[in-house]
Amino acid sequence: MKKNSFIFFILTLFILLSSANAFASSATSIFVENTSVAVNEEILVPIKINNNTGICGATLSVSYDNSLVLKSISVGEALGSLIMTKPGNLASNPFNLVFDGIEEDSTNGVIAYLCFNVMSESGTYDISVTYEAGDIVNGNLEALEVETLGGQVTVGTSPGGGTGDEGGDNEDVEKHDNPIITIGNVTANPVESIDVPVYMAGNTGICGTTLKIAYDEALTLTGITKGDALSGLIMTKPGNLSANPFNLVFDGIEEDVTNGLFFTLTFTAPQGNGIYDITATYEEGDIVNGDLMPIDVFLKKGSITVGSKIIEVIIGDKIVGLPSITETSGDIYVAFYNDSEMMTSVKVFDLNNPKITVAEDATATYAKVFCWTDVLAPLCESQKITLK
């Protein structure tokens with residue numbers, strides 16, 4: 001029975017391949033990144049675009065749990081040639097984000113950062129992004145089909161899902177009431193140019209800061225770009241980008257309380273696979289408020305993971321991760337099976353989606369998740385999820 005079931009699965013995939021695979025390999029996805037935060041703290045939630053085939057205009061509807069309080073919206077690095085129009089009233093829920101331009105933009109990455117204040121108790125709170133048919137168009141003003149995926153803010157754990165062990169204070173981030181500067185964790189292919197965002201959250205007012213940035217010697221720094229946070233301060237880059245560590249200085253006349261994307265570090269990834277750390281530190285007195293009084297800031301290190309990535313597949317309340325995938329071309333197949341081990345349905349998703357949410361098949365008792373190349377060669381071991 002197992003052999004027949006698998007043969008049926010293969011035949012079904014070949015039937016779907018010409019249509020489903022063509023869609024999956026070229027489908028653009030817009031998704032909300034999962035984040036974590038402590039109670040009564042601010043958190044930056046990125047909205048990202050992946051596998052962008054070219055967008056000239058888009059209207060996105062964003063809604064969020066009422067336990068979250070939207071404080072600000074800032075522009076990301078992706079869709080940089082389009083103009084983003086924010087809602088006039090931040091209390092609106094849902095609200096629209098509008099992107100408009102003259103020529104289509106095919107950049108990937110973060111399109112917007114949502115800064116929330118979490119006022120509720122520990123728990124998980126949803127954020128969704130949707131659009132109406134015809135609201136996303138390419139350079140020819142033709143309507144595009146885009147896969148949209150919501151995300152969650154998990155309250156009660158450290159921001160960014162990592163461990164905070166760097167900065168002017170080593171205390172647990174959940175007990176930290178001061179500004180938080182977070183270096184992003186990103187994945188890259190060998191010898192690929194990759195942007196590492198650095199976020200500012202919980203900003204109580206900064207008039208000047210000097211950060212010492214250090215990174216793994218295997219990385220090559222090629223650029224530094226200022227973001228929207230601390231927009232009233234002037235950023236002074238190091239004179240020599242090959243210096244490691246280097247100082248990054250922000251200085252102004254009045255204190256600035258803006259949050260969001262602080263700055264972006266652009267690196268060339270090394271040839272070898274591995275995890276390469278990026279850290280920020282400062283000396284006491286290097287970060288001051290408008291009265292030139294030293295303030296304490298919590299710094300969270302980041303990293304570039306080269307040669308592997310983890311894709312999260314969510315089916316109902318079940319989650320499975322597909323680790324150690326180095327390829328950038330291929331598809332994720334989620335196949336559902338009944339008690340007789342016969343496949344009842346199959347769904348196809350693009351390999352480059354970091355998080356895939358799949359509607360559960362009510363007739364199925366278990367599901368299998370496959371990661372295959374375009375010619376159906378496995379990229380990793382399949383994963384089985386028991387549903388009933």
Side-chain angles (χ1 to χ4, degrees), residues 36-38 41-44 157-186 194-227 229-230 233-252 255-270 274-290 292-305:
S36 304
V37 69
E41 286 191 354
E42 289 187 350
I43 183 67
L44 278 177
T157 58
S158 300
T163 57
D165 56 359
E166 300 290 336
D169 195 316
N170 244 8
E171 66 185 53
D172 193 307
V173 68
E174 294 184 26
K175 301 176 183 178
H176 208 282
D177 297 325
N178 296 307
I180 301 172
I181 297 175
T182 303
I183 302 175
N185 295 299
V186 299
I194 186 72
D195 290 335
V196 179
V198 181
Y199 312 126
M200 169 73 74
N203 185 2
T204 55
I206 294 176
C207 189
T209 178
T210 298
L211 294 176
K212 179 177 286 186
I213 310 295
Y215 53 93
D216 194 290
E217 293 181 354
L219 300 172
T220 302
L221 181 67
T222 59
I224 305 170
T225 307
K226 193 175 186 299
L230 297 186
L233 307 186
I234 297 174
M235 182 180 76
T236 302
K237 307 176 186 178
N240 182 7
L241 286 181
S242 63
N244 184 14
F246 65 87
N247 287 337
L248 199 56
V249 180
F250 295 82
D251 192 35
E255 69 178 21
D256 190 302
V257 296
T258 54
N259 292 293
L261 178 65
F262 192 4
F263 55 90
T264 300
L265 303 173
T266 302
F267 292 94
T268 298
I275 299 176
Y276 303 92
D277 289 337
I278 306 165
T279 62
T281 57
Y282 68 95
E283 299 292 332
E284 184 177 357
D286 277 350
I287 302 179
V288 297
N289 61 18
L292 301 183
M293 297 295 295
I295 59 176
D296 186 25
V297 174
F298 193 90
L299 305 178
K300 288 179 58 63
K301 69 180 181 181
S303 65
I304 296 177
T305 300

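Computed over heavy atoms, backbone and side chain alike; hydrogens, waters and symmetry mates excluded. Residue numbers run from 1 in the order of the sequence given.
When side chains are defined from C-beta on, Phe263 counts as touching Ile213, because their heavy atoms get closer than 4.5 Å. Side-chain contact check for Phe250 versus Lys226: some heavy-atom pair is nearer than 4.5 Å. Taking the side chain as every heavy atom from C-beta outward, Val198 and Ile183 approach each other to under 4.5 Å. Between Ile181 and Leu299 the shortest side-chain heavy-atom distance falls below 4.5 Å.
Just one residue in the list Ile278, Val196, Asn244 forms a side-chain contact (heavy atoms from CB on, under 4.5 Å) with Leu219, and that residue is Ile278. With respect to Phe246, the side-chain contact (heavy atoms from CB on, under 4.5 Å) criterion is satisfied by exactly one of Leu211, Leu241, Ile224, Asn240: Ile224. Of the candidates Asn259, Val297, Leu261, Met200 forms a side-chain contact (heavy atoms from CB on, under 4.5 Å) with just one, namely Asn259.
Put simply, OG1 on Thr209 and CG on Asp256 are 12.0 Å apart, with the number rounded to the nearest 0.5 Å. In this structure, OG1 on Thr204 lies 7.5 Å from CD on Glu255, to the nearest 0.5 angstrom. Annotation: the span from Asn203 atom CG to Leu230 atom CG amounts to 5.5 Å, rounded to 0.5 Å.
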Next on the checklist: Working note: Leu233 + Asp251, criterion side-chain contact (heavy atoms from CB on, under 4.5 Å); need CA distance, chi angles, decisive distance, verdict.
Outcome noted: CA-CA 5 Å; Leu233 307 186; Asp251 192 35; 5.9 Å; no
Item to check | Criterion ring pair (Phe, Tyr, Trp, His ring centres under 6.0 Å) on Tyr276 and Phe267, from CA distance to verdict | outcome: CA-CA 11 Å; Tyr276 303 92; Phe267 292 94; over 10 Å; no
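Between the side chain of Thr266 and the backbone N or O of Asp195, no donor-acceptor pair lies under 3.5 Å.
Using a 3.5 Å distance cut-off with no hydrogens or angles, the side chains of Asn247 and Tyr282 do not pair a donor with an acceptor.
The heavy-atom pair separating Ala214 from Pro245 by the smallest distance is CB-CB, 3.8 Å. The minimum heavy-atom distance between Asp277 and Lys301, with the atom names listed, is OD2-NZ, 4.2 Å. The shortest non-hydrogen separation linking Pro294 to Gly285 is CB-CA, 4.0 Å.
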